[in-house]
Amino acid sequence: MIKLAMQWKTFTSSVTLICILFFSLLSKAYGTILSDDCDACHGIFPGMMEEAPPGEPLKYALQNLLCVNCHSSSNKESIKFLGGVKVPVVNNTIRPASPLAGGNFYYLSKGMGDRKGHNVDGIAPLDSKFLSNPPGYDRESDPSAKGYNFEKPLTCAGSNGCHGNRNIENPFSAIKGTHHADDSPIDGSTTAKSYRYLKNTEKIKGVLGFEDPDWGQNSSAKKHNEYSPSMNNLCANCHGNYYREDKTGKMSPWFRHPTGIVIPKTGEYTNYNPGVAPPSNKPNTRIYSPDAPVARDPLPSSPLETIELGTDMVFCLSCHMAHASPYDSLLRWDYDTIESGESGGGCLICHTGKAE
Ligand code: HEC
Ligand code: HEC
Ligand code: HEC
Ligand code: HEC
Ligand code: HEC
């Protein structure tokens, strides 16, 4: 009996040890692709590792389409698995059950109209209103050497894209090496170490943020990404006139909203996220709403459940999604119903006085 119990004890403790080892390995590897099943990805997309003879451009098969295909899914799940590795899905061909933080290109590709999102090549044809021209593009606000090419479509990455190095035209070359690189800490020093691979070029510090391990899927007040105001600069790379203070005055039809502005601890703002009771003992503190996120400086190292009035800021993604949403102008909410006050969400999460 005693012998058996001893054996059982050794057995359970070695299982515990193995588990600890396994999880510490996992946590070290978190954020980078770690899998022995190279073929799971490189087999279906064989063009990814192709090198070209010196002096010739890299010949990645399918180019931008490679990003789109791997980050798409034909079912409603917005996280899929390849070789045991989690792949964030940003383009479902049926309505996604729970879109990731950037939204989902489903709304754009399903014929609901160009205004629902960024018309990325391989997902949707050119935007009929803007063609491939970013509204409010200002060359001075775009620090990339190449600049945006109005003759070419918008792509996931590369000089006409948001992710990767914008000094490199080819979307795949612009991101090469990033998926397998160590991505912590997120300090903006390399593409991999920038929030969601968002770093204009080598010389520009990348976007900072706290990356939710599920890319914001099923986010709540307690579990969500954390944003830095550096996200505004990323958007301003292509929409500079929507950010520069000298150009954000009143303009028709939309007088541009202040961005990068601290949410005041006075007036209607003291009631931010009115639907949820704040902690009673903390003045100027309200519960975070993932439907109207804020940017913070300094950034917390894990998601905070509260927002601090007088410190936290309104930023581009307080109102917009990055990829696509069910609403025009990639907004988080239906602008028309918010304006008429029918819904308690949207603008009214901050502008609580306008709800009456
Ligand atoms: C979950 C998908 C996935 C798996 C599994 C995977 N890779 Fe990759 N790999 C990628 C993607 C995506 C790229 C291209 C983008 C990039 O370089 O960031 C890539 C690029 C590469 C590159 C060229 C860029 C670089 O980092 O040098 C090499 C080499 C590579 N993979 C080797 C491997 C090997 C070896 C394995 C198996 C041990 C493997 N990969 C498993 C997705 C995967
Ligand atoms: C690499 C350039 C680039 C960057 C960076 C970029 N955009 Fe855009 N954006 C475009 C282009 C091109 C269009 C016009 C084509 C389209 O709408 O698809 C556009 C259109 C838009 C529109 C209007 C969409 C419509 O159809 O009504 C909004 C809103 C927008 N962008 C917001 C953002 C926000 C917010 C960010 C930062 C998270 C951002 N953009 C970053 C290139 C960019
Ligand atoms: C073979 C599949 C595959 C291809 C092709 C691929 N990716 Fe990925 N991508 C992945 C996987 C897997 C992850 C998750 C890696 C991780 O957990 O860090 C990922 C993560 C990302 C992320 C999120 C990074 C983060 O911080 O969480 C971005 C952005 C991204 N990919 C962009 C791209 C772009 C742009 C391209 C094309 C140039 C591309 N991917 C091509 C599989 C792929
Ligand atoms: C407080 C909410 C809010 C913030 C913050 C905000 N926007 Fe917008 N934005 C809107 C609304 C609402 C519209 C649609 C206006 C309309 O249709 O008249 C819009 C429209 C746009 C458009 C499309 C313009 C067009 O001609 O259709 C672009 C591009 C854009 N925003 C970029 C940005 C960028 C970049 C930032 C950050 C620097 C930003 N926005 C911050 C609410 C916001
Ligand atoms: C994340 C919080 C937040 C959200 C969401 C938000 N706002 Fe604001 N809004 C602010 C802040 C902060 C100010 C600036 C207040 C100040 O400086 O006194 C502001 C100012 C304004 C102003 C005054 C503009 C000016 O030039 O002074 C208008 C109008 C406005 N917002 C409309 C909207 C509309 C419409 C929406 C929805 C599309 C919206 N806001 C969503 C926080 C927000």
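Every number for a ligand or one of its atoms is a count from 1 in the order of the listing. The structure presented is a predicted model; accordingly, all values stated were derived computationally and were not measured. Atom set for the values below is all heavy atoms of this structure, side chains included, hydrogens, waters and symmetry mates excluded.
- If you look at Y272 next to ligand 5, there are no close heavy atoms at all, none under 4.0 Å.
- For the atom pair NE2 of H180 and SG of C38, the computed distance is 7.5 Å after rounding to the nearest 0.5 Å.
- In summary, the atoms of ligand 2 found under 4.0 Å from a heavy atom of L131, numbered by their order in the structure, are 15 (C).
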List, one per line, each side-chain donor-acceptor pair under 3.5 Å for residues 143-150, sequence neighbours excluded.
from	atom 1	to	atom 2	distance (Å)
S144	OG	D142	OD1	3.2
S144	OG	G147	N	3.0
Y148	OH	S132	O	2.9
N149	OD1	E151	N	2.8

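- For atom 7 (N) of ligand 5, the candidate residues are H351, M313, E268, R332; the nearest heavy-atom contact is made by H351.
- Residue-to-ligand polar distances place H320 within reach of ligand 4: an N/O pair is separated by less than 3.5 Å.
- The residue V120 has no part lying near ligand 2, judged by heavy-atom distances below 4.0 Å.
- Within the protein, the N, O or S atoms sitting under 2.8 Å from atom 8 (Fe) of ligand 2 are H118 NE2, H239 NE2.
- Side-chain atoms of T352 never come within 3.5 Å of backbone atoms of L348 as a donor-acceptor pair (strictly under, hydrogens ignored).
- Taking the six-membered ring for Trp and the full ring otherwise, Y335 and Y327 have centroids separated by 6.0 Å or more.
- With a 4.0 Å cut-off on non-hydrogen atoms, N133 touches ligand 2 through its backbone and not its side chain.
- Between the S230 side chain and the L208 main chain, a donor and an acceptor come within less than 3.5 Å of each other.
- Although no hydrogens or angles enter the test, the distance criterion places a donor-acceptor pair under 3.5 Å between the side chain of W333 and the main chain of D291.
- Heavy-atom separations between W333 and ligand 5 include at least one value shorter than 4.0 Å.
- Evaluated for a side chain to side chain contact (heavy atoms under 4.5 Å, CB included) with P153, the options N64, L131, L126 yield exactly one hit, L126.
- Within the coordination shell of atom 8 (Fe) of ligand 4, defined by N, O or S atoms under 2.8 Å, C316 is absent.
- Residue L234 approaches ligand 2 through these ligand atoms, each under 4.0 Å from one of its heavy atoms: 5 (C).
- From the protein, the heavy atom lying nearest to atom 18 (O) of ligand 2 is N119 N, 2.6 Å.
- For K152, the salt bridge (charged side-chain N to carboxylate O under 4.0 Å, His left out) test picks out E169, with sequence neighbours left out.
- Note: C347 SG to L331 CG = 8.0 Å, rounded to the nearest 0.5 Å.
- Aromatic ring centres of Y197 and H179: separated by under 6.0 Å.
- Under the 6.0 Å cut-off for aromatic ring centres, H224 and Y288 qualify, their centroids lying closer than that.
- Nearest to atom 43 (C) of ligand 4 by heavy atom, out of C319, G346, S329, is C319.
- Between D312 and R296 a salt bridge is recorded (basic side-chain N to carboxylate O distance below 4.0 Å).
- Under 4.0 Å is where a charged nitrogen must lie from a carboxylate oxygen, and between K205 and D187 no such pair does.
- Contact annotation: for F130 versus ligand 4, heavy atoms closer than 4.0 Å belong to the side chain alone.
- By the criterion of a heavy-atom distance under 4.0 Å, the side chain of P258, and not its backbone, is placed next to ligand 5.
- With sequence neighbours excluded, the residues that form a side-chain contact (heavy atoms from CB on, under 4.5 Å) with T311 are E308.
- Near S132, with a cut-off below 4.0 Å to any heavy atom, the atoms of ligand 2 are 12 (C).
- Every atom of ligand 5 with a heavy atom of C350 under 4.0 Å away is listed here by number and element: 1 (C), 2 (C), 3 (C), 4 (C), 5 (C), 42 (C), 43 (C).
- Of the charged side-chain nitrogens involved, at least one lies within less than 4.0 Å of a carboxylate oxygen, so that K223 and D212 count as a salt-bridged pair.
- Here Y335 has side-chain heavy atoms under 4.0 Å from ligand 4, and that is the only part of it that gets that close.
- Here D328 has no heavy atoms under 4.0 Å from ligand 2, in either its backbone or its side chain.
- Close to ligand 2: G117, with a non-hydrogen atom less than 4.0 angstrom away.
- Side-chain atoms of R332 never come within 3.5 Å of backbone atoms of S325 as a donor-acceptor pair (strictly under, hydrogens ignored).
- Close contacts between ligand 4 and Y243 involve ligand atoms 38 (C) [criterion: under 4.0 Å to a heavy atom].
- Among protein heavy atoms, the minimum distance from atom 27 (O) of ligand 2 is reached at R115 NE, 2.6 Å.
- In terms of protein heavy-atom proximity, atom 16 (C) of ligand 2 is closest to D127 OD2, 3.3 Å.
- With respect to K129 and D114, no salt bridge is recorded, no charged nitrogen being found less than 4.0 Å from a carboxylate O.
- Ligand 4 lies nowhere less than 4.0 angstrom from a heavy atom belonging to A236.
- The K129 neighbourhood of ligand 4 comprises atoms 27 (O), with distances under 4.0 Å to a heavy atom of that residue.
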